[in-house]
Trainee: 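Following this message is one structure expressed as structure tokens.
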Protein chains: 4
Amino acid sequence: MKEEIIYHIDQNVLELNNPVMIVGLPGVGHVGKLVADHLTEALDAQKVAEVYSEHFPPQVMVKEDSTVELVGNRLYLARTEKTDLLILAGDSQSNDPAGHYKLCEIYLDFASQFKVKRIFTLGGYPTGVMTDENYVIGAVNNADLIEELKEKGIQFNPSEPPGGIVGASGLILSFAKFRNIDAACLMGTTTGYIADPKSSKVLLGKLCGILDIEVNMDALDEKIKDMDQIVEKIKDSVSGEESDEYYESPATDEDLVYFG
Amino acid sequence: MKEEIIYHIDQNVLELNNPVMIVGLPGVGHVGKLVADHLTEALDAQKVAEVYSEHFPPQVMVKEDSTVELVGNRLYLARTEKTDLLILAGDSQSNDPAGHYKLCEIYLDFASQFKVKRIFTLGGYPTGVMTDENYVIGAVNNADLIEELKEKGIQFNPSEPPGGIVGASGLILSFAKFRNIDAACLMGTTTGYIADPKSSKVLLGKLCGILDIEVNMDALDEKIKDMDQIVEKIKDSVSGEESDEYYESPATDEDLVYFG
Amino acid sequence: MKEEIIYHIDQNVLELNNPVMIVGLPGVGHVGKLVADHLTEALDAQKVAEVYSEHFPPQVMVKEDSTVELVGNRLYLARTEKTDLLILAGDSQSNDPAGHYKLCEIYLDFASQFKVKRIFTLGGYPTGVMTDENYVIGAVNNADLIEELKEKGIQFNPSEPPGGIVGASGLILSFAKFRNIDAACLMGTTTGYIADPKSSKVLLGKLCGILDIEVNMDALDEKIKDMDQIVEKIKDSVSGEESDEYYESPATDEDLVYFG
Amino acid sequence: MKEEIIYHIDQNVLELNNPVMIVGLPGVGHVGKLVADHLTEALDAQKVAEVYSEHFPPQVMVKEDSTVELVGNRLYLARTEKTDLLILAGDSQSNDPAGHYKLCEIYLDFASQFKVKRIFTLGGYPTGVMTDENYVIGAVNNADLIEELKEKGIQFNPSEPPGGIVGASGLILSFAKFRNIDAACLMGTTTGYIADPKSSKVLLGKLCGILDIEVNMDALDEKIKDMDQIVEKIKDSVSGEESDEYYESPATDEDLVYFG
């Protein structure tokens with residue numbers, strides 16, 4: 001870690017077939033992160049690059065076997081029939097504003113090196129209200145993408161989100177434009193208060209339609225059930241009907257530990 | 001974005017006629033920003049330079065057509081009869097203190113390159129009270145400017161503002177002095193709590209007098225009406241006379257989204 | 001201090017015998033710091049290196065003789081029968097996130113230079129509850145260490161601590177792995193609210209077992225007694241039974257001045 | 001301002017006679033700043049160097065004639081019979097922790113260039129209580145200084161201040177030691193809540209004794225009277241006996257605008 005940012009790329013990766021990059025980092029409702037993490041597991045993707053940086057929090061995560069892993073982001077490759085997916089996933093976004101600029105430049109270097117044709121950044125769109133209806137809002141770096149994405153069920157509303165898009169999901173779109181790579185940000189609506197695997201499932205559904213792939217969603221369904229139970233508990237607790245087994249939280253999955 | 005700051009200058013801009021730089025960036029009451037944005041539109045100015053930097057927030061704005069634009073500042077050129085105006089406008093000032101120094105140096109590089117004779121930085125002067133009377137306070141980097149500006153209706157009060165001038169509006173004055181360019185900061189009085197297009201109109205009026213130009217103010221008048229309605233609503237709401245149509249906000253103009 | 005980080009190494013230190021590095025910097029409950037400071041005094045260790053950096057707080061400490069000492073970290077050497085201990089102790093961790101990365105790299109440079117075979121970073125594990133039972137949780141950078149440490153009474157729980165390990169105690173483990181040096185983080189359970197010499201004593205006991213050394217604990221016992229009195233006072237104060245002599249605090253030891 | 005720090009030294013300053021540096025920057029109760037500013041005026045000192053930096057706040061001050069001055073620090077020279085005083089005064093200390101390190105290095109460069117024999121940094125020592133008795137606490141970078149300073153009325157208490165000395169007043173002592181220049185920090189006791197010209201006068205009195213100089217204190221006495229009136233008003237206001245003329249503040253002196 002003598003450098004501000006270090007990254008390693010697996011030099012054995014051969015030519016990719018119609019490569020598309022998917023970016024799902026922590027953010028609003030962890031909607032994007034849950035999709036990227038799920039995709040990585042469900043498609044049994046292999047790690048092809050990793051990034052560590054002093055712009056990430058100075059922290060290690062402890063894995064199940066009590067060994068540590070430095071906080072960073074990792075790029076995984078999953079080969080599907082019609083496209084090779086490069087999935088960027090990780091524990092954290094940049095810790096400081098300037099780091100977002102520096103790290104996103106690295107992510108675009110990956111895209112250039114692997115000759116990526118298109119990038120989809122995934123995130124959550126906070127609505128502030130609980131609802132059973134989830135949809136996906138889009139923003140693009142090239143207006144030509146809009147019609148195609150609308151056909152796949154992505155909504156486009158003028159100047160939405162009103163406050164713009166903060167962090168890697170937004171910057172990558174502009175940086176990709178500088179390199180003439182088409183990119184879209186797909187945002188699943190969510191309350192903005194808690195991790196939202198339900199929104200992630202809707203988002204993943206749309207993404208599969210766009211990419212023309214099929215992905216087993218069992219693990220995501222499991223997370224939705226866990227989260228529903230947590231929400232139920234919270235509601236009970238608030239309404240005073242808290243049951244005795246309150247402290248036996250059904251979810252130990254740290255992916256669901258999110259407070260917006 | 002490999003560099004800390006990148007900027008592009010339109011190399012096709014020919015010699016300018018008596019060039020004057022106007023700086024109106026976000027700040028107190030968005031008074032300066034509203035003037036610069038209005039001038040750019042009303043005079044149909046063309047973009048001649050743009051600045052992006054890791055000192056800006058790591059964010060993109062979404063435009064009406066759902067395409068994104070990286071947060072940055074932009075320099076526009078409007079040719080008028082007696083003077084060519086270079087208008088610096090943008091979404092943000094520096095995100096961090098040191099960035100103000102670095103970015104203002106770039107703005108002065110623009111001024112030097114275009115052989116600017118004089119710079120006016122525009123801002124708001126927070127008074128903390130609501131009043132129907134708006135005036136414009138000045139500060140200069142060369143005492144010789146004071147008499148001339150007084151004649152055009154700018155007020156000069158000893159050591160005002162008492163806390164100095166924070167951000168680009170102030171730094172540019174001192175940096176211009178290092179380069180022997182005359183510069184004045186013109187500050188419209190405002191409450192400091194909300195966006196204040198009324199103060200902007202008064203400030204723009206004085207600026208037109210100084211520059212000897214005429215500018216159509218219709219769009220600014222529209223913003224004043226919108227803002228008056230918003231203020232009325234807020235007053236009603238506070239006094240408990242909130243009407244039913246409260247949530248149909250008349251203004252969707254994001255330039256008015258400002259809270260001091 | 002022209003450089004971002006400066007450090008000096010005592011060039012007269014001869015070859016070390018089975019060198020082990022112990023890292024005990026300020027952190028949760030000062031559990032690690034109290035152990036490192038105690039070891040340094042109890043083993044009469046000599047200073048062999050010092051580190052100053054703009055990543056530390058811009059501050060000097062005033063010593064008992066009214067002379068000042070710049071905030072920094074220091075490496076001490078204590079030779080024992082079976083192993084030579086290099087103890088890293090200090091007033092502060094990095095003041096900013098990126099500094100942790102830079103400083104830990106320096107600490108690993110020490111480890112490399114002195115051909116350290118194994119590193120133990122010491123810290124506290126906040127439980128949020130007061131209890132008389134203290135134990136020590138471990139995390140490692142090499143799974144091969146776990147069995148050996150379990151035999152010495154260190155507990156390993158899957159994915160604990162759930163939030164990972166923040167600061168030098170964690171980063172050093174990952175950085176050591178990059179250099180193929182085995183390292184473990186040993187964390188004494190503590191409330192997380194106040195300095196906890198009792199937890200430090202339990203942690204030091206385990207560490208002595210691992211290193212096969214004996215250390216006089218009198219000074220640490222003294223601190224435990226002081227802290228017990230402080231806690232007693234606080235309890236009395238909270239319960240309204242505050243006695244008159246409240247303000248004659250028994251502890252003037254600044255090592256105990258800690259609020260989590 | 002292309003550089004992180006820029007400074008200019010008056011190259012016409014001839015050899016100095018027994019040069020001593022006095023540092024009085026903003027800090028607790030502005031005790032040190034008030035002394036340095038007073039000394040500069042009372043001794044009619046001439047400016048011999050100035051420092052600007054992105055580590056200062058991005059701000060200009062407006063002078064009485066409505067011209068602006070970039071926030072920075074300035075070094076003044078006052079020649080007295082037995083010693084030439086180099087007085088470092090300014091509007092601000094570093095805005096960020098690392099900047100303190102960088103700026104203090106520049107101040108020591110001044111000291112080296114002018115062959116300074118001794119440095120006195122001046123500050124306030126917050127006691128939290130209002131009292132009529134002011135005294136001066138010392139800390140040194142060389143124990144040999146203590147006896148001499150005690151004879152001049154400076155008090156030395158073991159390990160005081162307990163939290164060390166933050167900012168330039170402390171760092172300069174340690175940095176001076178690296179360059180073998182004797183230095184002491186003299187701290188006037190003060191409440192820590194408001195600007196305290198009374199403490200400054202006591203501190204200046206001791207400093208004059210140490211330097212064997214005489215300084216007219218009229219302007220400082222004036223400030224003390226102003227401050228007494230302000231405090232009186234505040235007391236009245238708190239006790240509900242606020243008089244009508246409350247808003248005619250007797251002091252317009254911005255040096256007294258300080259809230260701890």
Side-chain angles (χ1 to χ4, degrees), chain B residues 4-5 25 27 55 93-109 121 123 125 137-147 149-150 154-179 182-187, chain D residues 1-8 26 30 33 37 47 49-74 90-103 106 195 226 230 247-259:
Chain B
E4 198 179 277
I5 300 178
L25 298 176
H55 294 292
Q93 292 217 16
S94 172
N95 211 23
D96 58 301
H100 282 288
Y101 283 84
K102 295 204 162 75
L103 288 165
C104 287
E105 191 67 27
I106 301 293
Y107 305 149
L108 266 297
D109 283 348
T121 67
Y125 184 109
I137 298 271
V140 294
N141 73 354
N142 176 352
D144 294 349
L145 295 165
I146 294 176
E147 269 322 299
L149 291 173
K150 270 186 179 165
I154 309 301
Q155 294 187 21
F156 288 88
N157 303 335
S159 304
E160 268 200 298
I165 305 169
V166 177
S169 286
L171 283 195
I172 286 175
L173 263 59
S174 283
F175 286 18
K177 192 178 172 63
F178 291 154
R179 301 198 190 203
D182 284 350
C185 178
L186 308 179
M187 291 158 276
Chain D
M1 293 299 306
K2 288 212 194 292
E3 322 268 315
E4 197 179 277
I5 300 177
I6 58 167
Y7 58 99
H8 308 285
H30 274 2
K33 172 180 168 55
D37 289 352
K47 187 167 71 178
E50 55 188 8
V51 187
Y52 302 111
S53 167
E54 64 183 50
H55 294 292
F56 289 128
Q59 193 174 353
V60 298
M61 304 309 293
V62 182
K63 292 192 290 191
E64 235 185 299
D65 68 352
S66 291
T67 62
V68 299
E69 185 168 54
L70 187 55
V71 163
N73 286 343
R74 295 163 189 91
D91 317 301
S92 179
Q93 293 217 15
S94 172
N95 211 25
D96 57 300
H100 282 287
Y101 284 83
K102 295 203 163 76
L103 288 165
I106 301 292
D226 287 350
I230 293 175
Y247 293 100
E248 301 164 31
S249 164
T252 54
D253 187 334
E254 73 173 28
D255 286 357
L256 299 182
V257 179
Y258 169 88
F259 296 96

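Every chain is numbered from 1 and lettered A, B, ... according to where its sequence line falls, protein lines coming before strand lines.
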Trainee: Does B:F178 form a side-chain contact (heavy atoms from CB on, under 4.5 Å) with D:L70? I'd like the steps, not just the answer.
Mentor: CA-CA 11 Å; B:F178 291 154; D:L70 187 55; 4.1 Å; yes
Trainee: So what's closer than 4.5 Å to chain D heavy atoms on B:K177: side chain, backbone, both or neither?
Mentor: neither
Trainee: Using every non-hydrogen atom in the two residues, find where D:V71 and B:Y101 come nearest and quote the distance to one decimal.
Mentor: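 D:V71 and B:Y101 have their closest heavy atoms at O-OH, 4.4 Å.
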Trainee: Under 4.5 Å from any heavy atom of chain D, what part of B:L171 do you find: side chain, backbone, both or neither?
Mentor: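 It is both, since atoms from each part get that close.
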Trainee: Below 4.5 Å from any heavy atom of chain B, which atoms of D:Y52 appear? Answer side chain, backbone, both or neither.
Mentor: side chain
Trainee: Of the backbone (N, CA, C, O) and the side chain (C-beta and beyond), which part of B:F156 lies under 4.5 Å from a heavy atom of chain D, both, or neither?
Mentor: both
Trainee: With a 4.5 Å limit on heavy-atom distance, are the side chains of D:F56 and D:D91 in contact?
Mentor: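 The answer is no; the side chains never approach within 4.5 Å.
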Trainee: Measuring heavy-atom distances to chain D, does B:D109 have an atom under 4.5 Å in its side chain, in its backbone, in both, or in neither?
Mentor: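 It is the side chain, since no backbone atom gets that close.
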Trainee: Checking D:E69 against chain B: side chain, backbone, both or neither under 4.5 Å from a heavy atom?
Mentor: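 D:E69 touches chain B through backbone heavy atoms alone.
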Trainee: Answer yes or no: is there a side-chain heavy-atom contact under 4.5 Å between B:Y107 and B:L25?
Mentor: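 Yes; the side chains approach each other to less than 4.5 Å.
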Trainee: How close do D:Q93 and D:P26 get, counting heavy atoms only, and between which atoms?
Mentor: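 For D:Q93 and D:P26, the tightest heavy-atom pair comes out as NE2-O, 3.0 Å.
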Trainee: Against chain D, work out which of B:C104, B:A98, B:A184 has the most heavy-atom pairs shorter than 4.5 Å and name it.
Mentor: B:A98
Trainee: Test side-chain contact (heavy atoms from CB on, under 4.5 Å) on B:I165 and B:M187; report intermediate values, then the result.
Mentor: CA-CA 10 Å; B:I165 305 169; B:M187 291 158 276; 3.9 Å; yes
